[in-house]
Amino acid sequence: MTTFVQLVVNGLGKGAVFALLALGFVVIFKATGVINFAHGSLVLIGGYLVAISVGALGFPAATAIGIAGAGLAALLIERLLVSRSRLADPNSLALLTIGVDVVVAEDIFRRLGTTVPYLGAPWDAHPVRLGNITLFSTQLVALVVGLVLITAFFLAFRFSDWGIAMRAQAENPEAAALMGIRRSRVTATAWLVAGMLAGVAVVFIVTQDFSGIGLSRTTHAIAFAAFPAAILGGLDSTAGAVVGGLVVGLVDALSAQYVSFDFAKVAVFLAMLVVLVARPSGLFGTREVTRV
Amino acid sequence: MLSVCGLSVRYGRAVRALENVDLEVGDDAVLAVLGGNGAGKSTLLRTISGTLRLHRGAVTAGQVILDDQRIDRLDPAAIVRRGAVAVPEGRQIFARMSVEENLRAGGLGAASAAVRRTARDRVHELFPVLAERAKQRAGLLSGGEQQMLAIGRALMSGPRLLLLDEPSLGLAPQLVGRIASIIAEIHVQGTAVVLVEQNATMALQVADHAVVLEVGRVALTGPADRLAASDDVQRLYLGGHAESDAQADAEVRAAQTSATGVRGLSRWAG
């Protein structure tokens, strides 16, 4: 039982990180209709900036640089590539993001060379003991940070002018344009927010507690689990992204313990398949309905 | 306030939607744009409101001028900020958002918070039902209420020119009358209106000037009451005179093939 409680709390902690990534993924999809396959490289950019600046500036300042850098990188991708081809098919733009991902990720791996740096999170590798239960501090901090950021996001999404403009544009881009909502501003902020969330997530992923390995190809692979998280939650649902993230975190933690560590990598995608067979639009996604 | 000069619009390379269209809307006027399906009415509104590019259309000649400034190369948001707002065909309200959120979205193009507040009071006065159902999901409103929301949402930025694309489409006759009186009231309050309609009876009642489009060209133009009394409009759009459906069809075809130049109203004026 103690193992189970331990696994659930740690799984939820990991899930909160996946939720941040999936939320960014969904925000971009809602604003632009583009599936952003470059999300993994945004995670790497954030991580790389923290890794090279943490020695000189310390963890808080380096993290701030990483978050800002990942956000700016996302904004650049949107401004330089996506917004210029406004009438392009979203599927072509998704392919474009694959290209961006390959170029950015490979360049960062080249820069890292043989080093596999950790990002120096002060809470890493300091387990917390509550009676018989041992919890990873990274996952606990991730859970708190995730909850705060996700709550702030939903409040803004629900009540601010930005949120209203985002939702209006996601639902009907032409009507939103006719209301004077500036499409380019909405899409640019969507990418910026998604990039910044990726910058936050990497600080938790690249720890001994979470992945057990420094910034490397594994980080990129872990970030890719945000994809099944967003899909199983429903690609156009922000609430779905959060639930999807938590499901992925739990499936990962539980299957690694009860089946095998290798199976955990596949289990996440199996969970996605099971959900898609039962609900093709994901748990909370809008169903595609066509009148014939 | 608005003038359209020699406007030609194409979709792709082949489809000519508008050809050399001229029209004027005064500061305090209601202009009705009539015509059948495919006449170019919606294309005209898309060009004025700046959404033509979203439909892959392009202006090939002519210009649209709002208050002495060319607007046919501006994006829709910039046109809203200059005071022209469109209510698109089929209402296109944000069905998953609440009535209140729809109105807020409409107010995002307003020049200031004060304009937004005044506009909200005006909208609630014109459409009390929108205040009553503020928290309800917009998709759950009836067709007439959705049309009221679409118009109210457009008024939220305090426009000086309102462009309406077929507001009577799909509504019961009683509601059509209600929408007509609302348009008249909006006009009285000082907003100029361009009303695109297939329901010519309603449009000619509300408008003071009218333009008839046929296959992308201006076929008739003049004061609304004169157009309402003219034989051509009676026969083509108001359902008068034709003895049978077959005769009506034949007359429509004859009128369309003869519509090569702009017919002036002088034929009937004298």
Side-chain angles (χ1 to χ4, degrees), chain A residues 26-27 29-33 79 83-90 92 154-190 234-240 281-282 284-289 291, chain B residues 42 45-46 48-58 74-98 100-111 113 115-116 137-139 149-150 153-159 162-165:
Chain A
V26 166
V27 165
F29 180 77
K30 276 179 89 82
T32 57
R79 287 288 88 190
S83 73
R84 278 168 190 268
S85 36
R86 195 181 296 178
L87 290 177
D89 178 43
S92 323
F154 275 102
L155 287 175
F157 199 61
R158 181 97 177 79
F159 298 111
S160 73
D161 282 354
W162 171 77
I164 297 264
M166 265 289 296
R167 283 151 60 205
Q169 182 166 312
E171 191 171 334
N172 187 334
E174 184 177 1
L178 286 173
M179 296 302 102
I181 293 168
R182 288 176 201 270
R183 181 191 160 86
S184 57
R185 210 174 277 181
V186 172
T187 53
T189 46
L235 204 45
D236 63 350
S237 164
T238 42
S281 304
F284 296 91
T286 315
R287 282 187 200 158
E288 293 264 348
V289 179
R291 194 187 283 264
Chain B
S42 294
L45 279 207
R46 282 174 191 161
I48 300 172
S49 59
T51 53
L52 191 62
R53 257 184 292 171
L54 293 176
H55 296 269
R56 295 173 190 267
L74 298 180
D75 63 54
I79 294 170
V80 169
R81 272 166 189 77
R82 281 175 168 69
V85 178
V87 178
E89 188 181 351
R91 310 189 268 268
Q92 302 198 27
I93 52 159
F94 304 118
R96 276 182 259 158
M97 290 161 63
S98 72
E100 193 183 351
E101 288 170 341
N102 267 268
L103 293 180
R104 264 187 80 183
L108 291 177
V115 171
R116 221 176 292 177
R137 247 180 182 226
L149 177 58
R153 186 181 63 173
L155 290 175
M156 279 299 291
S157 60
L162 186 65
L163 309 156
L164 296 166
D165 198 351

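Lettering follows sequence order; numbering is per chain, from 1.
Sparse packing is recorded around CZ of R185(A), with 12 or fewer heavy atoms of other residues, nucleotides or ligands lying under 6.0 Å away.
Ranked by heavy-atom pairs shorter than 4.5 Å toward chain B, the options A177(A), A168(A), A176(A) are led by A168(A). In terms of heavy-atom pairs under 4.5 angstrom with chain A, the leader among R91(B), M156(B), M97(B) is M97(B). In terms of heavy-atom pairs under 4.5 Å with chain A, the best-connected choice from A77(B), G109(B), P159(B) is A77(B). Of the residues considered (P88(B), A95(B), S157(B), G50(B)), A95(B) shows the highest number of contacts with chain A, using heavy-atom pairs under 4.5 Å.
In plain terms, the two heavy atoms of A154(B) and A86(B) that are nearest each other are CB-O, 4.4 Å.
Summarising the geometry, atom CD belonging to E174(A) is positioned 5.0 Å from atom CD belonging to Q92(B); distances are rounded to the nearest 0.5 Å.
With a threshold of 4.5 angstrom between heavy atoms, R96(B) approaches chain A through its backbone and through its side chain. Only the backbone of I93(B) has a heavy atom closer than 4.5 Å to any heavy atom of chain A.
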Exercise for the section: Could you give me the CA-CA distance, side-chain angles and deciding distance for F94(B) and R167(A), then say whether side chain to side chain contact (heavy atoms under 4.5 Å, CB included) is met? Expected result: CA-CA 9 Å; F94(B) 304 118; R167(A) 283 151 60 205; over 6 Å; no
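Taking the charged nitrogens against the carboxylate oxygens, R104(B) and D161(A) do have a contact shorter than 4.0 Å, which makes a salt bridge.
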